[in-house]
Number of protein chains: 2
Amino acid sequence: MAVTIIDVAREANVSPSTVSRVIADSPRISEQTKRRVREVMNQLGYYPNFQARNLAAKTTQTIGVIMSDSTSLAFQNPFFPEVIRGICVSAHASKYGIYFSTGGTEEEIFQEVVSMVQGKKVDGIILLYSRVGDRTMKYLKDENFPFTMVGRPYQYEDEISYIDNDNERITHEVVEYLYNLGHRKIAFIGGNLDFVVSIDRLNGYQKALEKLGLSYSEDYFIRNDVIKTNGMKAVHQLMELNEPPTAIVAHDDLVAYEVIRYLEGLSVQVPGDVSIIGFNNHALSAYVKPPLTSVDISIVELGLEATNLLLEKIQDSEAAVEHYFVPTKIIERESCKRITTKKKRE
Amino acid sequence: MAVTIIDVAREANVSPSTVSRVIADSPRISEQTKRRVREVMNQLGYYPNFQARNLAAKTTQTIGVIMSDSTSLAFQNPFFPEVIRGICVSAHASKYGIYFSTGGTEEEIFQEVVSMVQGKKVDGIILLYSRVGDRTMKYLKDENFPFTMVGRPYQYEDEISYIDNDNERITHEVVEYLYNLGHRKIAFIGGNLDFVVSIDRLNGYQKALEKLGLSYSEDYFIRNDVIKTNGMKAVHQLMELNEPPTAIVAHDDLVAYEVIRYLEGLSVQVPGDVSIIGFNNHALSAYVKPPLTSVDISIVELGLEATNLLLEKIQDSEAAVEHYFVPTKIIERESCKRITTKKKRE
DNA sequence: CTGAAAGCGCTTACAG
DNA sequence: CTGAAAGCGCTTACAG
């Protein structure tokens, strides 16, 4: 029904091959012929059939975007929309489309990736997460299929191209920031340790303590799952310690606010009694009370650069493995307070 | 290179047609043959080529998802990730994939939609917005291409299937809610009036005033663009009116918080002096101070139902045009206060 | 229940 | 600079 390359060829008195070459803007066709063929294409309302072209050319001009299962962090604001925006910008500039994974569970996602790869649905894949022991990542690596990750791979770091923040360093800086405000008792509320980002941030926290001569205590570390299931109690226990923290680093702005609310229940003031700093710099964090000091992690760039790297890989299968860190920045607002170190010690 | 249907056929001693029918699980093939062919497929690691299958079958098994340009509301949390989640659930259940638009400007988006339709990239399209005078919507309708919208179309309402909230009604209810708390001076901060959702909410506000015997005043209506560019001043003017409002309805939780911040600058307490209610029930709104009363609009359902409707349309081109409203609910928190109507009037 | 053949709408060596 | 031909990997009437 639709007008095909054959119709155009007939109408323009050339062969289908020629029409095909005009579409591709091949230099081997004379300007005159091109002009004539293009005129006919417009006249007939011709559009190349995507599937047919891809089948013949053995390409798809689309990249697959995979996020971790929907129950996890990835679906929270604002990471997801922003990273997608970055991907869109880069993909659009190179005339690539985006095919989106729809799977729910880890297993479904894995199966979907396999079918994307084997079924030749996409030219390359972006993994929007990095999880410990991830089968999908391993598969992609073993298949030698073009892919990049947003997040440092937990393994094979030298064989996989990825974009990330320097999570260890920035968390280190966050702790130092609090230290410089006079804090010595600094608690940490981590993310899901199945994800490398959470591990790196925890490492940064621990190393900073060490470097600053503060000792690490299990009591000062709350895992994200206990915040989720039993946050109120965990925060109460934290504040009932003999030496309750004067500052808290939270893995995400959302959990920071959750904690602030529990603190309120205990009549603990932020930042009066306890300073708190979050990660990810949510849109709301500027407006909320107290405006939250938070680490901006350049989410759009994360998506943008991951896509650029993938596109390089697709276009040149010999392209070197590359890693980038995208900038992070502590956005100071009003949830952290300078204290004079007059308490117990010293 | 990859193993094809031919390889499987040869190995299983059947024709390619038979293999194809086994893939489709056609009832016309004996169980015995199916078993044998499937065994060979596993053994050889066969996966059907997506493009080839689609080209031959004249289908794509994928739906296109289009959002409004990235500068607008759609990219704000939490609408975007949640609506996508809804779409994914439904698409995945029906084994459809998702092709995502990457365009930046309105024109780019339009071109992309045309190429999706004409290039046979997708079987149907979901428009994640409804804009006044939208060329893309008109095009889809005129082409008679299967599509649905999240949001009431500004035109051709009887010819287009869509899912929406009953925005007029819920805004009406919101005003009544405030009225029942004793408020008589209720201001409204609207969204971008290029979008139908904003128009409907404004209408609901105005009709509620009318029904409740309150008069509508231009002074009580702030357009979203002035909030964006000159919000502080607009809020100041609002509060310096002879009869400043005692309650404010904000088109979105984000703008509600922005307003609250400006109010603070004027030492106006929320909800002490002014009550405020938002829309969209952001994830943070529960945690923030004051916890914001907000209208939950069931975003996931919006995506889910729009996809279901589209799938019906795709599978049956004669399917009737349908509309659904997805439930809305006022989530009461702490930003609205009952007042005793003792001020000036009466 | 199964197969031979045509066809989906392109691209790309190969030849001139 | 252009064309004829083969092929990409499937599906689907048609025939038996």
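Naming convention: chains lettered A, B, ... in sequence-line order (proteins, then strands); numbering from 1 in each chain.
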Looking at every strand, decide which applies to [X] at a 4.0 Å heavy-atom threshold: base, sugar-phosphate, or nothing.
| X | result |
| --- | --- |
| B:S20 | base |
| A:F50 | nothing |
| B:Y46 | sugar-phosphate |
| B:R28 | base |
| A:S17 | base |
| A:V19 | nothing |

Does NZ or CZ of B:R152 come closer than 6.0 Å to the centre of the six-membered ring of B:Y162, within 45° of the ring's axis?
-> no
Do the side-chain N or O atoms of [X] get closer than 4.0 angstrom to the phosphate oxygens (OP1, OP2) of [N]?
| X | N | answer |
| --- | --- | --- |
| B:R53 | D:dT11 | yes |
| A:K120 | D:dC8 | no |
| B:S30 | C:dT2 | yes |

Residue set satisfying side chain to side chain donor-acceptor pair (under 3.5 Å) with B:T60, at least two apart, ordered chain then number -> B:D123
Output field: ring centroids A:F100/B:Y99 closer than 6.0 Å | no
A:N144 atom CG, over 12 foreign heavy atoms within 6.0 Å | no
For DNA chain C, the expected dot-bracket line (Watson-Crick or G-U under 3.5 Å, [ ] crossing, | inter-strand) is |||.||||||||.|||
Can you tell me the distance, in whole Å, between the CD atom of B:Q51 and the C1' atom of D:dC8?
-> 10 Å
Considering non-hydrogen atoms only, spot the tightest contact between A:I66 and A:S101 and give its length.
-> CD1-CB, 3.7 Å
Would you check if the side chain of A:S15 reaches a backbone N or O of A:T18 as a donor-acceptor pair within less than 3.5 Å?
-> yes
